[in-house]
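First the structure, in the form of structure tokens, and then the observations on it.
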Amino acid sequence: MKSELTRLIAEALRRLTGSLLTAPVDASWISIERTKERSHGDYSCNIALRLAKVSGQRPRELAAAIVAALPPNPWVAAVEVAGAGFINFKLVERAYHEIVRRIHAEGERYGESESGRGVRVILEFVSANPTGPLHVGHGRQAAYGATLGNLLRATGHELQREYYINDAGRQVHILAVSTWVRYLQRCGESLPFPANGYQGDYLGTVAATLLEQRGTTLRRTASQVLTGLPADAPDGDKEQYIDALIARARALLGRDFEQVLEFSLQAMLADIRSDLEDFGVLFDRWYSERELIASGAVEHALATLEARGCLYRKDGALWFRATQFGDDEDRVLVRSNGQHTYFAPDIAYHLQKRERGFDQLINVLGADHHGYVARLRGALIAMGQPGECLEACLIQFVSLYRGGQKVPMGKREGQFVTLRQLREEVGNDACRLFYLMRSHEQHLDFDLELAKSRSNENPVYYIQYAHARVASVVKQLAARALHYDAELGLASLAYLDSDQEQAAMRELSRFPEVVAQAAAARAPHALVHYLRELANGFHTWYNAATILVEEPPLRNARLVLALAFQQVLRNGLALLGVSAPESM
RNA sequence: GCGCCCGUAGCUCAGUUGGAUAGAGCAUCAGGCUUCGAACCUGAGGGUCGGGAGUUCGAAUCUCUCCGGGCGCGCCA
């Protein structure tokens, strides 16, 4: 409809060119918007206001001239000039009946569009280090990424969803040694847990399983482990200590060290995967950093940078000239000890994403990673890629509140709340919706009591209830020995002439635009707000009108509208990953 | 110190190429079920859009500045 009206305006402007307008007007200047207020008609155009300046006309006079020059159109019932010079369109009723028919015909596909056709997108999200369970912050990224993926698919993008597994590097060695210390403690050895180890209780469980499977074959005495090691924090340096401990573990365990590592890693990954799967968060591929490294991708990336003269050696390390590409300082890629930093494989991974043919690289990241974006983009540019192809969606932090009190979440002390705990406490539906309710750019206060409450204070039920209410009406049909005649209903849409019904059809027609806009703006929360308004429209109408009336045409017309509501609610909830119950 | 994000009703927040009288939910107050589910609906009160200046027909939105909060600035990941 918008494009239809844009065409009308463009045609009118063409007719005025040479008389009122000296130069042709670019079509991109024409914007058609939905009116906020019913009295302003259905759509509005501000072109006269925008052109007033360049053409030297008074806005209202120009608007009147444009209106006079508009070609006739069967969908437009009335056009008028209002306010400072807005051109308002009122559509014929049939235009809205058409929407109801479309929803009926398209069913679960209603809302989809082609705005992203031909665009290949790789969406990387969560990608949490496999060194512990996911926490509530990851949960927000998971919900956001999953829904953004749904929105991108719904708008025709060619999408790949990936989880990048950081299964190489120092942190997995720390994971292995942390598990081993827990294991030794379980064996009865008395030794302290390293300050820089992974503190959470979960490793105790992993160690217990390890003990079951391997018996005491991995046991070494505390003095074997500790003798000659530097002091741990707070007296010494926790980094030096953990590195020495890792070296000692390797020396004492030999090849078994790798097995402890692998065992711990797989345990963590299994936990993360099942957690996400239970949350309805799916990936097309789990991409292993180790496999990436083994494939030679890092050498390839370094060679690409080298060939472009973007590397240099200093203090025995290999540096990337990041400052030449928008970063604050140059970055080390290969340390003086020969080990590469985490940054090197990351560059390789993103170069490879481009080489796999993706146009857009969307990364969903925690807000604390924002400093990292410029660096990565710089590297892509340095390797000859367009910097705009990388897009970072930074997800702000989550605070949990219980009864007005902030729940302490210290990751260091291992007392953070896990995603699993949160899901078990409030349920997946409330969890997904609460995560997505607010703009991702906004710090989120997650109220546990509110999310759990089965009351009118909880927005989750408001939307689901509207869906269930329609199902309930349909069930009533049988109880009253009536049946639903879709054909009759669709032929009787003119009976839907109340204010609520007119407003309902207007609201329903917005859905594809909302989906497209939410996808384009990477803003799933816009969909939540729309669904709330849609549910409000339904509840208002439901309270004002009786659906199951005597006259068959009116009854079936209202049933068609009710089912259209239900369809759009269901489609929207599906995009959010929230269930649409028939009863609750 | 430098950089990024945020500041809108008592509380939690929408408001994205600058548009018409700044909107929701919760909370508060007043109403509505012998009728398809009251987990609902109707109405009311509540605002210097953090302060100030600028840009223009028009600013919550853009620019500058100040104030206040969050986060990031490693040969850690």
Side-chain angles (χ1 to χ4, degrees), chain A residues 28-29 31 33 35-37 39-40 44 46 49-50 52-53 58-59 82-86 88 129 131 166 169-172 174 196 239 314-319 327-329 331-337 339-343 346 366-375 392 394 396-397 399 401 404 437-439 441-445 447 450 453-462 464-466 468-477 479-480 482 517 520-523 525-526 528-530 532-533 535-536 538-549 555 558-559 562 583-584:
Chain A
S28 66
W29 274 59
S31 87
E33 289 178 352
T35 54
K36 286 179 195 157
E37 227 183 291
S39 64
H40 293 147
S44 171
N46 65 358
L49 291 160
R50 298 189 68 174
K53 203 183 313 179
R58 289 169 186 272
F86 293 98
N88 292 339
N129 282 343
T131 53
N166 288 104
R170 197 167 83 115
Q171 83 262 351
V172 287
I174 297 176
N196 204 29
E239 307 279 356
K314 191 180 85 178
D315 305 331
L318 187 65
W319 296 70
D327 200 359
D328 297 333
E329 45 192 297
R331 305 291 172 179
V332 171
L333 292 179
V334 181
R335 292 191 275 261
S336 50
N337 65 6
Q339 301 260 327
H340 56 62
T341 61
Y342 77 102
F343 189 39
D346 252 20
D368 53 336
H369 285 71
H370 67 77
Y372 174 67
V373 179
R375 193 177 317 176
L394 299 168
Q396 295 294 324
F397 286 3
S399 300
Y401 284 82
M437 227 166 27
R438 307 302 180 210
S439 160
E441 293 171 335
Q442 193 79 233
H443 185 101
L444 177 67
D445 288 328
D447 187 331
L450 180 59
S453 72
R454 302 191 164 271
S455 74
N456 60 344
E457 298 167 33
N458 193 331
V460 181
Y461 296 108
Y462 188 81
Q464 291 183 323
Y465 184 43
R469 260 184 153 176
V470 179
S472 180
V473 171
V474 172
K475 280 178 206 147
Q476 276 292 315
L477 279 175
R480 300 185 185 194
L482 296 170
Q517 185 259 355
R522 323 298 190 215
H525 74 282
V528 179
H529 284 272
Y530 168 77
R532 214 204 171 279
E533 283 166 27
N536 180 32
F538 173 77
H539 287 309
T540 301
W541 173 56
Y542 182 91
N543 269 72
T546 306
I547 297 170
L548 300 181
V549 294
R555 182 177 68 235
R558 287 183 174 166
L559 277 168
S583 68
M584 32 196 301

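All chains are named by letter (A, B, ...) in the order of the sequence lines, taking the proteins before the strands, and each is independently numbered beginning at 1.
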Query raised in the report: Touch check for A/Met437, heavy atoms < 4.0 angstrom, all strands: base, sugar-phosphate only, or nothing?
Result: nothing

Query - First of A/Asp368 and A/Ser336 reached from the 5' end of RNA chain B, by closest nucleotide - result: A/Asp368

Query raised in the report: When you measure from the side chain of A/Arg555 to the backbone N and O of A/Leu548, does any donor-acceptor pair fall under 3.5 Å?
Result: no

Report task. Say whether, by atom type as modelled, one donor and one acceptor occur between the side chain of A/Asp315 and the main chain of A/Ala317 under 3.5 angstrom. Result -> no

Query raised in the report: How is A/Ala535 classified with respect to the nucleic acid when contacts are heavy atoms under 4.0 Å: base, sugar-phosphate, or nothing?
Result: nothing

Query raised in the report: If only side-chain N and O atoms of A/Ser583 are considered, is one of them under 4.0 Å from the OP1 or OP2 phosphate oxygen of B/rG37?
Result: no

Query raised in the report: Sub-3.5 Å donor-acceptor pair from the side chain of A/Arg331 to the main-chain atoms of A/Arg375, do we have one?
Result: no

Query raised in the report: Is a side-chain N or O of A/Gln517 found less than 3.5 angstrom from the main chain of A/Ala526, in a donor-acceptor match?
Result: no

Query raised in the report: With rounding to whole Å, what would you report as the distance between B/rA27 and B/rG45 at their C1' atoms?
Result: 13 Å

Requested in this report: Would you classify A/Asn196 as touching base, sugar-phosphate or nothing, given that sugar-phosphate means primed atoms plus P, OP1 and OP2, and contacts are heavy atoms under 4.0 Å?
Outcome: nothing

**Report entry** Pi stacking test for A/Phe86 and B/rG19: under 5.5 Å apart, planes under 30°
**Finding:** no

Requested in this report: Tell me whether the OP1 or OP2 atom of B/rC40 has a side-chain N or O from A/Asn536 closer than 4.0 Å.
Outcome: no

Query - Under-4.0 Å side-chain N/O to phosphate OP1/OP2 contact, A/Arg335 with B/rC76 - result: yes

Requested in this report: Give one of base, sugar-phosphate or nothing for A/His370, where a contact means two heavy atoms less than 4.0 Å apart.
Outcome: base

**Report entry** Side-chain N,O (A/Arg50) to OP1/OP2 (B/rU17) below 4.0 Å
**Finding:** no

Report summary line: Judged by nearest nucleotide, the residue sitting upstream toward the 5' end of RNA chain B, A/Gln396 or A/Asp445, is A/Gln396

Report task. For A/Gln442, answer base if it contacts any base atom (sugar-phosphate contacts may also be present), sugar-phosphate if it contacts only those atoms, and nothing otherwise; contact means non-hydrogen atoms under 4.0 Å. Result -> sugar-phosphate

Query raised in the report: So what does A/Lys475 hit on the nucleic acid, given a heavy-atom distance under 4.0 Å: a base, only sugar-phosphate, or nothing?
Result: nothing

Query - Atom-to-atom span, NE2 of A/His369 to P of B/rC73 - whole angstrom - result: 9 Å

**Report entry** is_close_aromatic(A/Tyr465, A/Tyr461), centroid dist under 6.0 Å
**Finding:** no

Report task. Using a heavy-atom cut-off of under 4.0 Å over every strand shown, decide if A/Arg58 touches base, sugar-phosphate, or nothing. Result -> nothing

**Report entry** Ring-base stacking, A/His40 with B/rA20 (5.5 Å, 30° cut-offs)
**Finding:** yes

Query - B/rA77 OP1/OP2 closer than 4.0 Å to side-chain N/O of A/Tyr342 - result: no

